[in-house]
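Structure first, then comments.
All values reported here derive from a predicted model rather than from experimental measurement. Sequential numbering from 1 along the given sequence is applied to the chain's residues.
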Amino acid sequence: MVAFELRIPHTLSLASRDAQAQVWERIKERVPITQPEASLQVTLGAPGMMHAQGPLRMLDRRRTLGVVIGAESLVVESTGYSCYEEFCEFLRYVLAAMPSGEVAGFGRIGLRYINEIRVPGVELPADWAGLVAPELLADTQIAAPGLTAQGTRGDVEFAGADGLRVQMRHGVATGRIVNADGPLRTRTRELGPFFFIDLDSYWENPPECELPEFSAEAIIEKTTRLREPIHNLFETAITDQLRERFRREPT
């Protein structure tokens, strides 16, 4: 699963379903299904009540591509991801549909790749030797005699230039990270053992800096830069043996 999130200052017009629907009108050829998210009810005192509209989710017909638009964020998700260029093209298409003149700017961009890797017959951490980088399995080597590691998890944070941050989570687990019963259809509903590589790359505008103006090109440029460490870390985390398995699998 790949997810992009853009956080924006509260945009009053995008809090209304009408404005959200106007964005949908511009992109409904790609995401024709709409699904309102939960709305918030705020009591003002008897007998009045204000209904604040929740975000609007939009899905393609295969339910592997989604867009969520709200007053403070834009989210684009895919469980049918094939390459960054294709994902970026769709992201540019969605950004072009936003009411840029009404959005004050943007304060955070996040790009997250969640990889659930399943190989038949590979279950315990020791079984992943030769498939993932040995550094990702290092903590399983300290078991006392008679003990076998059943699972392992790691969490590393990296910092780059110009406010870029990356959080990498990895390990051997059973079940799922991505919810198979969520709004997007996953490639498999399998609940068995897997190795996960979860890479979350993000940029936040420093509080002392002026808020950047909303610009599709500036957002795409920063997103592309966020993707670089994700790509490099993933390629470092897996081995040629696992890459060869990927090539043999049907898409």
Minimum heavy-atom distance between [X] and [Y], given as atom pair plus value:
{"X": "Ile8", "Y": "Thr11", "answer": "CD1-OG1, 3.6 Å"}
{"X": "Ala104", "Y": "Pro9", "answer": "CB-CG, 4.0 Å"}
{"X": "Met168", "Y": "Ile197", "answer": "CE-CG2, 4.2 Å"}
{"X": "Thr140", "Y": "Leu137", "answer": "OG1-O, 2.6 Å"}
{"X": "Lys28", "Y": "Glu25", "answer": "NZ-OE1, 3.0 Å"}
{"X": "Arg63", "Y": "Leu59", "answer": "NH1-CD1, 3.0 Å"}

Pair Val166-Glu157, side-chain contact (heavy atoms from CB on, under 4.5 Å): steps then yes or no: CA-CA 6 Å; Val166 183; Glu157 293 187 15; over 6 Å; no

Quick one: pull up [atom1] in [X] and [atom2] in [Y] and give me the separation to the nearest 0.5 Å.
{"X": "Arg176", "Y": "Leu191", "atom1": "CZ", "atom2": "CG", "result": "6.5 Å"}
{"X": "Thr34", "Y": "Ile69", "atom1": "OG1", "atom2": "CD1", "result": "11.5 Å"}
{"X": "Ile230", "Y": "Asp198", "atom1": "CD1", "atom2": "CG", "result": "9.5 Å"}
{"X": "Leu65", "Y": "Leu184", "atom1": "CG", "atom2": "CG", "result": "8.0 Å"}
{"X": "Leu136", "Y": "Thr236", "atom1": "CG", "atom2": "OG1", "result": "9.5 Å"}
{"X": "Leu199", "Y": "Gln167", "atom1": "CG", "atom2": "CD", "result": "10.0 Å"}

Phe196 six-ring face occupied by Arg169 cation (under 6.0 Å, within 45°):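 That pair does not qualify as a cation-pi contact.
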
Arg7 charged N/C atom sitting above Phe106 aromatic ring, 6.0 Å / 45°: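 Ring-cation test returns no.
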
Whether Phe195 and His170 hold their rings parallel, tilted or perpendicular, with breakpoints at 30° and 60°: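 If you compare the ring of Phe195 with that of His170, the planes turn out parallel.
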
CA sep, side-chain torsions, deciding dist, call: Glu5, Arg112, salt bridge (charged side-chain N to carboxylate O under 4.0 Å, His left out): CA-CA 9 Å; Glu5 182 191 39; Arg112 185 178 182 186; over 6 Å; no

Is the number of heavy atoms from other residues, nucleotides or ligands under 6.0 Å of [X] [atom1] greater than 12?
{"X": "Leu12", "atom1": "CG", "answer": "no"}
{"X": "Glu213", "atom1": "CD", "answer": "no"}
{"X": "Gln35", "atom1": "CD", "answer": "yes"}
{"X": "Arg243", "atom1": "CZ", "answer": "yes"}
{"X": "Glu210", "atom1": "CD", "answer": "no"}

Side-chain donor/acceptor of Ser73 to backbone N/O of Gly70, under 3.5 Å: no

Flag, side chain of Thr79 to backbone of Thr186, donor-acceptor distance under 3.5 Å: no

Is any side-chain heavy atom of [X] closer than 4.5 Å to a side-chain heavy atom of [Y]?
{"X": "Leu164", "Y": "Pro229", "answer": "yes"}
{"X": "Tyr202", "Y": "Ile109", "answer": "no"}
{"X": "Ser78", "Y": "Thr64", "answer": "no"}
{"X": "Leu74", "Y": "Val68", "answer": "no"}
{"X": "Tyr113", "Y": "Leu233", "answer": "no"}
{"X": "Phe214", "Y": "Ile219", "answer": "yes"}

Single-linkage hydrophobic cluster, 4.5 Å side-chain cutoff, [X] and [Y] together:
{"X": "Leu6", "Y": "Met1", "answer": "no"}
{"X": "Val75", "Y": "Val67", "answer": "no"}
{"X": "Ile114", "Y": "Leu242", "answer": "no"}
{"X": "Leu131", "Y": "Phe194", "answer": "no"}
{"X": "Ile220", "Y": "Val94", "answer": "yes"}

Candidate pair Leu95 and Phe90, rule side-chain contact (heavy atoms from CB on, under 4.5 Å), full reasoning: CA-CA 9 Å; Leu95 289 170; Phe90 180 70; over 6 Å; no

Flag for Tyr84-Thr224: side-chain donor and acceptor within less than 3.5 Å: yes

State whether [X] and [Y] are salt-bridged, where the test is any N-O pair (Lys NZ or Arg NE/NH1/NH2 against Asp/Glu carboxylate O) under 4.0 Å.
{"X": "Arg247", "Y": "Glu244", "value": "yes"}
{"X": "Arg165", "Y": "Glu204", "value": "no"}
{"X": "Asp60", "Y": "Arg30", "value": "no"}
{"X": "Glu77", "Y": "Arg57", "value": "yes"}

Ile27/Glu29 under side-chain contact (heavy atoms from CB on, under 4.5 Å): CA gap, chis, key distance, verdict: CA-CA 5 Å; Ile27 62 175; Glu29 183 178 348; over 6 Å; no

Centroid-centroid distance, Phe87 to Phe4, less than 6.0 Å: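 So the answer is no for these two rings.
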
Positive for side-chain contact (heavy atoms from CB on, under 4.5 Å) with Cys209, one of Pro207, Pro212, Pro206: Pro206

